[in-house]
Colleague: 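Here it is, the structure, as structure tokens.
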Amino acid sequence: MKERGERIAMLTAYDFPTARLLDEAGVEILLVGDSLAMVVQGRATTLSVRLRDMIYHGEMVVRAAQRSMVVVDLPFPHGQLGVRETLRVSARIMKRTGCQAVKLEGGAEQAETIATLVAAGIPVIAHVGLRPQSVHALGGYKVQRNEQRIREDATAAQQAGAFCVLMECVPRDLAREITAMLRVPTIGIGAGPDCDGQVLVTHDMLGLTCGYVPKFVRPFANLAQQTQTAVKQFISQVRDQSFPSADESFN
Ligand code: KIV
């Protein structure tokens, strides 16, 4: 798709019905992101999500996907515990979920790990720029302006064999430069319009996220409002006894 100049659409999915809808709508990649800690489990960061949570949600998404590629995030700290542990956990995720690839936060410092996974037959997306699992070390969810480091991370990830580089919260000019420099596709989130593809957290773009939503999210729908309206109608019709009707009952 990069060679043909076609943009890649990637969205997060954590359950069967959502994954089925996104797959049928035509997204290329379903990401079982560790963002599920925040948007599904109601946590403040992604750090608490467990390996067993990723496998539980990954299985559901893989079961729904007919044509999309399914990528599962390596949860903290399993992707940071060195080559052997990351290989062990990635293999477990792939065996248990049936996903086609894993995503790993980091670039240059993960080069050896990425190369080992790829040599073992595990396709890898490298996540550079803002790495949410390092939120405390980075001092918060901020735009990353260490351009040299981001360039080196992206280049090292490609050299190590990552098939895709995801860039989060990086200046658009830098994202454009890296996208032009790399042979493998880039997917951006808060990285401007010039990446080879875009990813968003589905709950954010559908208006389902409780609380803070970053500036780079476009609200494509307001499902929270639609859900509340429907639920209020249900409550009112239960109370005034107009639900269920004769047609909705058995004789
Ligand atoms: O976990 C996730 O959803 C992600 C996206 C922010 C790309 O990594």
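Start at 1 and go down the list; that is how both ligands and their atoms are numbered.
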Colleague: Over 60° means perpendicular and under 30° means parallel, so tell me whether H57 and Y14 are parallel, tilted or perpendicular.
Modeller: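 Rings of H57 and Y14: perpendicular, over 60°.
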Colleague: Between R149 and E109, is the closest basic N to carboxylate O distance under 4.0 Å?
Modeller: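 Between R149 and E109 there is a salt bridge, with a charged N closer than 4.0 Å to a carboxylate O.
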Colleague: Any side-chain heavy atom of F163 sitting closer than 4.5 Å to one from I125?
Modeller: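 Result yes, sub-4.5 Å side-chain heavy-atom pair found.
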Colleague: Show the protein residues that qualify under the rule heavy atom under 4.0 Å from an atom of ligand 1, listing them in chain and number order.
Modeller: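 Contacts of ligand 1 under 4.0 Å: T12, L31, G33, D34, S35, D73, K103, H127, L166, E168, I189, V199, V201.
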Colleague: Suppose we screen for salt bridge (charged side-chain N to carboxylate O under 4.0 Å, His left out). Which residues come up paired with E85, at least two apart in sequence or across chains?
Modeller: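 E85: salt bridge (charged side-chain N to carboxylate O under 4.0 Å, His left out) contacts with R88.
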Colleague: In chain order, what residues pass the side-chain hydrogen bond (donor to acceptor under 3.5 Å, both in side chains) check against T18, with sequence neighbours excluded?
Modeller: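 So T18 forms a side-chain hydrogen bond (donor to acceptor under 3.5 Å, both in side chains) with D15.
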Colleague: Going by the rule salt bridge (charged side-chain N to carboxylate O under 4.0 Å, His left out), which residues pair with D23 if we only count those two or more places apart in sequence or in a different chain?
Modeller: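 Expected list: none.
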